[in-house]
Amino acid sequence: MVSSRADFDILTWDGTVSSSDFRVAALAFAEKWKRFNTTTLPRWSWVPCSKRPWIVAHETEGYLSLENVFLRGSSEEDQDESSQTGKEEPTCSGQDDAIDNAILVQSSGHEIHRYDFHIVYSSSYRVPVLFFRAYCSDGQPLVLDDIEKDLPANSAKVLTESKWTFITQEEHPHLNRPWYTLHPCGTSEWMKLLLVAAASRAKGGMAFEKYLVSWLSVVGQVIGLRIPIEMLCDSDEL
Amino acid sequence: MMDRGTKAQKYVWEGAIPLQIHLHESEVTTLPPPSPALILAPRIGYLPLLVPQIKPFFSSSLPPGVDTVWFEYKGLPLKWYLPTGVLFDILCAKPERPWNLTVHFRGYPGSILTPCESEDNVKWSFINSLKEAAYIINGNCKNIMNMSQSDQVELWNSVVNGNLEAFIRVSSKLKLGIGGDEFSDKLSSLKSPQSATETDNTGLVKTGRIPVRLYVCSIHENFDDLEDAPHIDSWDKISYINRPVDVLGEEKSSTNEDISGAEVGDESRSPSEHGSNTGTAEEVGETLCRQEGSDSLSDKAEIKLLRIQGIKPKLEIPFAWVVNNLINPEHFLHICVYVRVLEPITI
């Protein structure tokens, strides 16, 4: 488990987190996202699961949700990272300063696609798992082929060649509907690699609030969801 | 584990549910309409695997088009990746024999069910669950990932054909043993005095995690007669909890006598966050119904029914025995529970 306790040894850590660590990290992440995104970008919110009416719960399980992330239709020149926003509005000069921080899902077409992202904890693999789905402007769900066209050009290559990241369609653990997901079986391995490298640069341990940001910085690249650079550079602990 | 499986394992693998399958009326194009198909469905199998047997009954009656097969029970589209026995145990509080299902060959509800176009989808789902179970038990899926192609084929075929011996032959290489239990050991030592003592069967339950999938139907009405159990018309009425159970190793599996003093919802029972002493299946079901050891099963709730492989386990059965004998081929233990809630609980 990731922990901020002094006795945490990152070298023996197996890359996983506990369910309660995940919840704390998720809430911290959502809070931080809000802080670094003062423009009108969609917010991550914690969705509690009310699926167990027979218990008295002190703390509910849930997942992080980011919905209605829009892709503005763009031409091919707009593949450049710094020129896109996450909203439907036409670019106006006031928005340009915020562009570097924008969440973005790149598109190579002219369609407007809407994405929903959920980060759900897996008790089996003890890691977060990304679930997502996409719609085109008339509300029709997108199939995987269309989604892959939306991905950054490199990502499609990464996806097909990596043993660690592959997209499948599975039932959302809480919603009884099919969603796309990045399979979690390699996550603990690459999280360990990622954070061990980071920790070796820092003097102390690794705060578990960092876990989710780091996780999303990798996973986000696979599906083209970008994290504001400030969140990654918040360097008091890194 | 004996090479041919224990008596209980054979019983489970041979278990089957008689189905009476009706073609949906919108797809009947002939008069008279075709008679329903009567099929025995293995409990540990999956509904799509029955399609080759079912199709001949209806093929002459189908409208033109490509087959996209799905099943439905009283209007509820059935999740094809759940073992047939699990579907039956959770959807039929009072077992219906034969179980009347409706089959569709057109109009797949893609917004509700993940796609199932062929046996490959079912196989992939099975292997995926097996990987997850391996990860839970061993902390990695290496043994599954490294399976030879021929082993994979043999393993899957043994499930499709219900061949327990073939299954054990291949799956024993996967090192997914959960640990012995005294009960099974006593049985095997009675049968052969020089019983092999593998390290897994010393009566010690290994410390670790057990793959468990819990299906809970919570209802407000009281019913004493299972026939009066309310009909499930939506999957939202069933809470699906896919969470491993932590097992603490101990010398002796505890029986219900050790925990008989514990009340439902007694928080002090769990020594660790989600761990449980190797108690009974019922106790584990209750532990899972609670959240992370910090909540209590409301005293306004009671477990009305608990089923594993269609069996209501007796309270004195050690959990380790349940795990070794009642798990499905993908190494998950599926537990179906009906919980009655006396009044709405605020969270």
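Worth knowing before you read on, the calculation uses all heavy atoms, side chains too, and leaves out hydrogens, waters and symmetry mates. Below, chain A is the first sequence line, B the second, and so on; all start at residue 1. Because the structure is a prediction, the values reported are computed rather than measured.
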For the side chain of A/Arg126 and the backbone of B/Ile136, is there at least one donor-acceptor N/O pair under 3.5 Å apart?
-> no
Measure A/Thr168 against the heavy atoms of chain B and call it side chain, backbone, both or neither at under 4.5 Å.
-> side chain
Gap separating the CG atom of A/Asn176 from the CG atom of B/Leu113, nearest 0.5 angstrom = 10.0 Å
Parallel, tilted or perpendicular for A/His183 and B/Trp124, by the 30°/60° rule?
-> perpendicular
Tabulate below the donor-acceptor pairs under 3.5 Å that side-chain atoms of residues 80-93 of chain B make, not counting sequence neighbours, or state none.
unit_1  : atom_1 : unit_2   : atom_2 : d
B/Trp80 : NE1    : B/Tyr108 : OH     : 3.3
B/Trp80 : NE1    : B/Thr114 : O      : 2.8
B/Tyr81 : OH     : A/Glu171 : OE1    : 2.2
B/Tyr81 : OH     : A/Glu171 : OE2    : 3.2
B/Thr84 : OG1    : B/Gly45  : O      : 3.1
B/Asp89 : OD1    : B/Arg43  : NH2    : 2.8
B/Asp89 : OD2    : B/Arg43  : NH1    : 3.1
B/Asp89 : OD2    : B/Gly310 : N      : 2.8

Euclidean distance, B/Tyr135 OH relative to A/Thr16 OG1, rounded to 0.5 Å = 6.0 Å
Between A/Ser124 and B/Arg209 the two heavy atoms that sit nearest each other are O-NH2, 2.7 Å
Say you draw a straight line from NZ of B/Lys131 to OH of A/Tyr125; how long is it, rounded to the nearest 0.5 Å?
-> 7.0 Å
Between B/Ser111 and A/Arg177, the two heavy atoms sitting closest are O-CD, 2.9 Å
Which atoms form the tightest heavy-atom contact between A/Cys185 and B/Cys141, and what is the distance?
-> CB-SG, 4.2 Å
Please, which pairs that meet side chain to side chain donor-acceptor pair (under 3.5 Å) have at least one residue in residues 131-147 of chain A, sequence neighbours excluded?
-> A/Asp116-A/Arg133, A/Arg133-A/Tyr135
Hey, mind stepping through A/Glu170 and B/Asn128 against side chain to side chain donor-acceptor pair (under 3.5 Å) and telling me if it holds?
-> CA-CA 11 Å; A/Glu170 301 211 357; B/Asn128 203 34; 3.1 Å; yes
